Visitor: 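Structure in structure tokens, see below.
None of these values were measured; they are calculated from a predicted model.
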Amino acid sequence: MRRTQGRNTYYLAFCLKDGTVTSALPMRKPAKRIMKHDHMKLDADNVCKEHVSSGKELLMLPVEKRVRFLDIIATSLNTRRALRQIVLPRLAAIEGQLASIHAAITAMKTRA
């Protein structure tokens with residue numbers, strides 16, 4: 001069985017203006033001097049370089065290739081909707097519980 005190496009993978013991402021990544025390529029981490037010269041920064045997902053474009057280029061692709069990008073965009077939209085519908089209400093409920101706990105602790109401190 002092949003042993004996996006403990007190295008991080010860095011990416012070159014092609015994305016739309018709203019941040020939807022349509023494709024990404026793995027790449028070696030650029031040297032510090034190159035990152036400084038090209039004003040590159042690593043984000044939380046180890047994306048070194050982003051090429052941002054509008055979606056107009058996708059309309060010029062043949063239908064066979066266009067379907068893949070449309071699936072990626074649809075997945076991105078569905079993920080955002082799921083986060084909005086499932087996660088955000090639960091976070092709001094947790095925030096309310098924390099506020100009530102904080103109020104109770106503050107009331108205990110003022111009594112003592």
Side-chain angles (χ1 to χ4, degrees):
M1 185 171 185
R2 185 172 180 217
R3 196 177 109 187
T4 58
Q5 296 178 356
R7 294 186 207 155
N8 288 335
T9 305
Y10 300 94
Y11 300 98
L12 163 69
F14 297 91
C15 56
L16 301 177
K17 291 181 181 178
D18 68 349
T20 302
V21 177
T22 55
S23 59
L25 301 169
M27 63 181 285
R28 294 180 66 175
K29 182 179 178 182
K32 289 183 180 183
R33 62 180 174 80
I34 293 173
M35 290 183 73
K36 184 177 179 181
H37 180 266
D38 294 345
H39 305 289
M40 293 191 296
K41 293 184 180 176
L42 286 175
D43 66 0
D45 300 322
N46 285 338
V47 175
C48 297
K49 190 184 272 189
E50 285 186 346
H51 292 287
V52 180
S53 65
S54 65
K56 290 181 182 179
E57 292 86 9
L58 298 177
L59 295 174
M60 296 177 201
L61 291 173
V63 177
E64 304 84 38
K65 293 181 182 178
R66 194 180 314 166
V67 171
R68 178 182 171 275
F69 291 109
L70 296 178
D71 287 342
I72 292 169
I73 294 169
T75 303
S76 173
L77 290 174
N78 289 332
T79 304
R80 289 181 193 175
R81 288 180 182 168
L83 287 174
R84 241 188 338 278
Q85 292 174 358
I86 297 170
V87 176
L88 292 181
R90 290 184 183 179
L91 286 176
I94 291 170
E95 187 178 20
Q97 289 175 351
L98 285 175
S100 65
I101 291 170
H102 180 66
I105 290 173
T106 305
M108 286 182 196
K109 286 182 178 179
T110 57
R111 287 185 207 160

Visitor: How long is the straight-line distance from CZ of R84 back to OG1 of T79, given to the nearest 0.5 Å?
Guide: 11.0 Å
Visitor: Let me check something: any side-chain donor-acceptor pairs from residues 103-112 under 3.5 Å, sequence neighbours excluded? List them with distances.
Guide:
from	atom 1	to	atom 2	distance (Å)
T106	OG1	H102	O	2.8
T110	OG1	T106	O	3.4
T110	OG1	A107	O	2.8

Visitor: Would you call L42 and Y10 a side-chain contact if the rule is heavy atoms closer than 4.5 Å?
Guide: yes
Visitor: Which donor-acceptor pairs under 3.5 Å do the side chains of residues 15-27 make with protein atoms, sequence neighbours left out?
Guide:
from	atom 1	to	atom 2	distance (Å)
D18	OD1	T20	N	3.1
D18	OD1	T20	OG1	3.0
D18	OD2	T20	OG1	3.3
T20	OG1	R80	NH2	3.4
T22	OG1	F14	O	3.1

Visitor: Check whether more than 12 heavy atoms from other residues, nucleotides or ligands sit under 6.0 Å from atom NE2 of H51, and answer yes or no.
Guide: yes
Visitor: Which residues pass the salt bridge (charged side-chain N to carboxylate O under 4.0 Å, His left out) test with D38, sequence neighbours left out?
Guide: none
Visitor: Roughly how far apart are I94 CD1 and R90 CZ, rounded to 0.5 Å?
Guide: 8.5 Å
Visitor: Rounded to the nearest 0.5 Å, what's the gap from CE on M40 to NZ on K29? Could you check?
Guide: 10.5 Å
